[in-house]
**Student:** 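Okay, here's the structure, questions in a sec.
Heads up: numbering here begins at 1 and tracks the sequence.
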Amino acid sequence: MECELLGQSYTLACPPGCEPMLRLAVQTVEDELTAIRDAGKIKTRERMAILAALNVAFRLAEQLVAPPPSPEELLEGQQTDRAMIDLMIQQIDAALPPANWPTDIPPPPPPPEPDVRSGPPADVPILTTPWMPPT
């Protein structure tokens with residue numbers, strides 16, 4: 001797979017089916033490198049790469065050692081999710097026609113096709129002299 005980090009092209013090997021995950025990893029590293037470069041304190045690519053790797057590894061370590069959520073936190077998250085779902089259902093219901101909306105009404109007929117053989121409609125002016133922009 002081809003990728004680019006800070007303007008430098010790289011060819012990476014990737015197991016089949018893992019390309020999306022590798023693209024996400026490349027984007028994460030690119031974001032870290034860009035942030036370090038934009039801070040302006042570090043100039044060499046090698047030092048930027050080491051700091052980016054340490055930043056990413058530190059965030060991963062934080063996730064690995066973080067305590068699992070308590071049952072109360074899980075329940076609170078489920079309640080929040082349920083409230084969001086209920087709100088979406090209300091919005092969908094408000095956008096849809098009522099349940100007793102008649103379904104046996106046929107659609108209106110299409111508008112008639114204009115007869116192009118008879119010329120323009122009477123309310124359309126016909127220019128008899130060429131239009132010239134004001135000077």
Side-chain angles (χ1 to χ4, degrees):
M1 179 179 111
E2 292 291 323
C3 71
E4 193 171 297
L5 293 167
L6 290 182
Q8 180 76 35
S9 241
Y10 296 91
T11 301
L12 305 174
C14 181
C18 294
E19 290 86 359
M21 194 167 30
L22 183 56
R23 287 189 197 289
L24 179 61
V26 168
Q27 187 60 52
T28 301
V29 171
E30 174 72 11
D31 293 345
E32 284 295 323
L33 289 169
T34 302
I36 293 168
R37 180 196 62 203
D38 292 348
K41 296 181 180 178
I42 299 184
K43 301 294 181 201
T44 66
R45 286 181 185 267
E46 180 181 336
R47 287 182 181 254
M48 284 193 287
I50 290 170
L51 282 178
L54 287 171
N55 287 343
V56 171
F58 182 80
R59 281 202 307 271
L60 178 61
E62 279 182 319
Q63 291 174 359
L64 292 174
V65 298
S70 69
E72 293 81 18
E73 290 172 328
L74 288 174
L75 182 59
E76 181 180 306
Q78 289 174 349
Q79 290 170 345
T80 302
D81 292 345
R82 184 65 207 173
M84 296 274 297
I85 291 169
D86 289 341
L87 178 62
M88 286 188 279
I89 289 171
Q90 289 172 5
Q91 291 172 339
I92 291 169
D93 286 345
L96 294 174
N100 60 355
W101 189 267
T103 57
D104 58 346
I105 299 174
E113 292 290 324
D115 186 6
V116 294
R117 295 173 291 168
S118 64
D123 60 343
V124 176
I126 299 175
L127 296 175
T128 56
T129 57
W131 179 82
M132 297 295 289
T135 55

**Student:** Counting only N and O atoms by type, is there a donor-acceptor contact under 3.5 Å from the side chain of R45 to the main-chain atoms of L6?
**Tutor:**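 The answer is yes, because a donor-acceptor pair under 3.5 Å joins these two groups.
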
**Student:** If you define the side chain from C-beta out and look only at heavy atoms, does anything of E72 sit under 4.5 Å from L75?
**Tutor:**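 No. Closest side-chain heavy atoms not under 4.5 Å.
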
**Student:** To the nearest 0.5 Å, how far apart are OH in Y10 and CD in E4?
**Tutor:**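 That separation rounds to 9.5 Å.
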
**Student:** Looking at CZ of R82 and OG1 of T80, how far apart are the two atoms once the value is rounded to the nearest 0.5 Å?
**Tutor:**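 Taking CZ in R82 and OG1 in T80, the distance rounds to 12.5 Å.
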
**Student:** Is there a donor-acceptor pair under 3.5 Å between the side chain of K43 and the backbone N or O of G40?
**Tutor:** yes

**Student:** Measure the spacing between CD of E46 and CG of L51 and express it to the nearest 0.5 Å.
**Tutor:** 11.0 Å

**Student:** Determine the minimum heavy-atom distance between M1 and E19, stating which atoms define it.
**Tutor:**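 Scanning both residues completely, I find the closest heavy atoms to be SD-O, 4.2 Å.
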
**Student:** If every non-hydrogen atom of L22 is compared with every non-hydrogen atom of A13, which pair is closest and at what distance?
**Tutor:**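 In this case the closest contact between L22 and A13 is CD2-O, 4.2 Å.
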
**Student:** Within a 6.0 Å radius of atom CZ on R47, are there more than 12 heavy atoms belonging to other residues, nucleotides or ligands?
**Tutor:**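 At most 12 heavy atoms, drawn from other residues, nucleotides or ligands, come within 6.0 Å of this atom.
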
**Student:** What are the two closest non-hydrogen atoms of R59 and T28, and how far apart are they?
**Tutor:** NH2-CG2, 3.9 Å

**Student:** Roughly how far, to the nearest 0.5 Å, is the CG atom of D31 from the CD1 atom of I36?
**Tutor:**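 Going from the CD1 atom of I36 to the CG atom of D31 covers 11.0 Å.
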
**Student:** Quick one: CG on D81 to CD on E76, what's the gap to the nearest 0.5 Å?
**Tutor:**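 Here the interatomic distance stands at 10.5 Å.
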
**Student:** Roughly how far, to the nearest 0.5 Å, is the CG atom of L5 from the CG atom of L12?
**Tutor:** 7.5 Å

